[in-house]
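Data first, discussion second: the structure below is written as C-alpha cells.
The analysis underlying the following values was restricted to heavy atoms, covering all of them including side chains, and did not include hydrogens, waters or symmetry mates.
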Amino acid sequence: MISKIITINTIEMLNQYLLTDECKDRLNCAVSVFIQIFSSERDPEWLMAIESTIREMMPAGVITGATTMGEIAEGRLLINTTVISFAFFEKTRIQGFLLEGVDGSQFDSGNHFAKKIEMSCQQIAGVMLLTTPFTMDVSDFLKGFSAARSGTYPVFGGGAGDYEAEQRPLITLNKNYTSKGVLAVVFMGNDIQIDMHTYLGWQPLSKEMIITETDGLWVKKIDDEPAFNVFNRYLDIQNDRDFFLNVLEFPLLLERNGIQYAKAPMVVNDQNAIKFITDLREGEKVCIGYGNPAVMIEKANDIQNRIQIFNPEAIFLYSCICRRFLLQREVDLETRPFETIAPTSGFYTYGEIYSQGKHVMLLNATMVAVSMKERDGQKTEEGIAKRIEKPRSLDPFTSQHTRIISRLVNFIKVVTAELEEANREARRLAERDYLTQAYNRMKAHEFIKNEMKRCDRYGLEFSIIMLDMDYFKKVNDTYGHNLGDEILIYLVKLLSLEIRKIDMLSRWGGEEFLIIMPMTDSDGATITAERIRIVVEQTQFTSGLRQTCSFGVTAYIKGESFEDFIDRVDKALYEAKISGRNCVITK
C-alpha cells in the first residue's frame, strides 16, 4: 500500500499530479485504488469535475468525496481548499456502496445496508462510512447497521460538514452525490490490517443535570425546564442563526456503560428544544462540557506512539469540528505528529463513526485515528524505542491559548467540585435531623407523597410504622437530656439495622419516629414492627437502661389524603399507648 496526498484549487493542479511518472508507476502496480476527496467547496459540479478527471486515469478506482468543516493534509489543518488522498493497494480489493435518500425508518435502512454489504463482499477486513448527520438520524441508522452485521471487522468514518451555517453537506461516490445518505467503502482480503483509536478530552464544567423530556433526537427539557434555557443561562448563548457556531465547543457530557460520551447540539427550535446529533435518553445525567487542550494533546501523543508501533502505511483522521473550534490556531499540535509516522489525511467532521465489537457508534467531539497497512511486521526495537514527543515550541510565548484554557478548565473543575460538595452537604443538612441523623419530618412528608402518587398510578401498596418511646419524659427528668439524647441516637442506629434499604426512617418529632415501607402491605409492616418491638425490649441502652416502644401500623388506601393517612397511623399508636404500651396496633 502506498499513500499520496495532494492539495488542489484547480483541475490543472490535479492533472499535474496525474500525469507524473510517479502516479503512473503506482497505478501500474496497484490491484485497486481508493481516492478520497475532502473539499471545502460544496458545489457538486466541482466535485464531479474532480472525479471525472481522476476517472480518465483510474477508471476502476473507488472515488469518494465529502464536504468538510476543515481539511487535513500531511497532518495539518487546511481551509477553503480541496485535499485528495490516493491509496494504491497492492493486494487489497475495495468496493463502494451508496445509499441515497434514507427515508422512512433509519434503523431499517441501516439494517438493509449492512446486509447488502455482507452479501456482496467476501473477506471483509473493514468498512469506512461517510454520512450526512444534519439530514438524517445517523445514530439510529448505525443501530440497524450494527444489528445486521455478522462480523466484528472495524467500521470507521465521519459525518460530512459544511462551512456555511445552513449545513447542507454532500457525500459522493463514483459519479453520484447526495445530501442525505450514507456511503460505504469495503476493504477486502487477508493482507490489509486496520488499527483504530479514539479519544475525547472533554471535561465537565457545569453541575450534573437530568434529561427529563425527549422526542427522538430532540431534547425538550433538562431538569424540567426547556433545554435551551440551560445553555442560555450558563453560557449566554442566544436562540439565533449563530446558535450552532456558538454552542459547538460546549457539548453535553454523559456516561453510558462506563464510557464517557459528548453530544453536541445542532439546532434549537421555537419551543426552545434542542436537536442533537445522537440520541439522549430521559433520565440520563448530563453536564455541559468543555475541552481541555492539554488533555487532548496528551491523549493524541499516547495514540501516536501506539500507532508508531503498528507501523502503518497511511493514517486517516476524522476529527470533530468542536476540536478545531477549541484549539484554533494550535489545532495542528494534535494532528501534525501523525504525519511523522505515515502520510496523514482526513477532515473535520460533524460526528465520528467508530466500532467496538459488533456495535458501531456515532461519537461526537472526538478524534478517530485509523491506520492501515498491507505489509507484515512491526517497528524494530530501535524504532519502538524512539517515542514521539509532544510538540514543543522554541518560543515560550507561543501556544499560550491552550495553556490558558487548560488552567481555566482546571479552575472551573475544582470550583464546580467544591460547590457540588457544598450543595451535597447543604442538602444533607436540609433533610436530616441534626441530633439523630435520621431523615427529618419535611423529608418524610416528601417521601410519603411520592409513594402515594406511585401507588395511585401503578396500583402498588406501601405502609408506615409510627413508634414512640414509652415513658421517655421520665428518662429525661431522672437522668437528664444528655443521656436522653444518647438513647435516641442509639435507637436510630438500632432501627436502621432492622429495616430494608428501600425503607425510610425519619424522626417525626421528639421521641416519635416514622418508618415508611414501600411495596409492603399492613401484614408485612406489622411483622416488622413486632420484630423491632422485641429487639428494643431486649436491648440494653446507655448506662444499662432498658426501654420499650409502642407501635402504630397502617397501610395506604388508594386515593386517601395525606392527612387521613397520617391520622390513621397516629390513632393506631395512641391505641397502643392506652393498651398498656410496648405493643403493636394495626389500623
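- Evaluation of the side-chain hydrogen bond (donor to acceptor under 3.5 Å, both in side chains) rule for S32 yields no partner, not counting sequence neighbours.
- The shortest non-hydrogen separation linking V360 to V155 is CG1-CG1, 3.8 Å.
- Among all heavy-atom pairs drawn from C23 and M58, the shortest one is SG-CE, 3.6 Å.
- Under the side-chain contact (heavy atoms from CB on, under 4.5 Å) criterion, A147 pairs with F107, N111, sequence neighbours left out.
- Residue pairs meeting the salt bridge (charged side-chain N to carboxylate O under 4.0 Å, His left out) criterion with at least one partner in residues 96-118, sequence neighbours excluded, are D103-K180.
- Considering every non-hydrogen atom in both G158 and Y318, the closest pair reads N-CD2, 4.0 Å.
- The nearest pair of heavy atoms linking M128 to Q36 is SD-OE1, 3.5 Å.
- Between V268 and I237 the shortest side-chain heavy-atom distance does not fall below 4.5 Å.
- Shown are Y290, F231, F325; of these, the ring pair (Phe, Tyr, Trp, His ring centres under 6.0 Å) with F250 is made only by Y290.
- Legend: salt bridge (charged side-chain N to carboxylate O under 4.0 Å, His left out) pairs involving residues 23-40, not counting sequence neighbours, sorted by first then second residue: E22-R26.
- Nearest heavy atoms, Y163 versus S40: CE1-CB, 3.3 Å.
- Using modelled atom types, one side-chain atom of T135 and one backbone atom of S179 make a donor-acceptor pair closer than 3.5 Å.
- Counting only heavy atoms from C-beta outward, the side chains of M136 and V182 approach each other to under 4.5 Å.
- Partners of E41 by salt bridge (Lys or Arg N to Asp or Glu O under 4.0 Å), not counting sequence neighbours: none found.
- Considering every non-hydrogen atom in both I341 and P312, the closest pair reads CG2-CD, 3.7 Å.
- Remark: R149 pairs with no residue by the salt bridge (Lys or Arg N to Asp or Glu O under 4.0 Å) rule, at least two apart or across chains.
- Sequence neighbours left out, the pairs with a member in residues 64-82 that pass salt bridge (charged side-chain N to carboxylate O under 4.0 Å, His left out) are E74-R76.
- In this structure F316 satisfies the ring pair (Phe, Tyr, Trp, His ring centres under 6.0 Å) test with no other residue, sequence neighbours excluded.
- With sequence neighbours excluded, the residues satisfying side-chain contact (heavy atoms from CB on, under 4.5 Å) with K285 are E208, I210.
- The side-chain contact (heavy atoms from CB on, under 4.5 Å) check on A184 picks up F97, F113, I117, V127, L129, with sequence neighbours excluded.
- Within the 4.5 Å cutoff, no side-chain heavy atoms of Y177 are placed close to those of E51.
- Taking the six-membered ring for Trp and the full ring otherwise, Y17 and F86 have centroids separated by under 6.0 Å.
- A ring-ring contact (aromatic ring centres under 6.0 Å, His included) check over residues 36-57, counting only residues at least two apart or in different chains, returns the pairs F38-F347.
- The aromatic ring centroids of F134 and Y350 lie less than 6.0 Å from each other.
- Using a 4.5 Å heavy-atom threshold, the side chains of I171 and T178 count as touching.
- Residues L27 and V33 have side chains in contact (heavy-atom distance under 4.5 Å, counting atoms from C-beta outward).
- For the pair Q95 and R93, the minimum side-chain heavy-atom distance is 4.5 Å or more.
- Contact of the T278 side chain with the N364 side chain is not registered, since no non-hydrogen atoms from C-beta on lie closer than 4.5 Å.
- V368 places none of its side-chain heavy atoms less than 4.5 Å from the side chain of I353.
- Listed by first and then second residue, the salt bridge (charged side-chain N to carboxylate O under 4.0 Å, His left out) pairs involving residues 119-145 are K143-D279 (not counting sequence neighbours).
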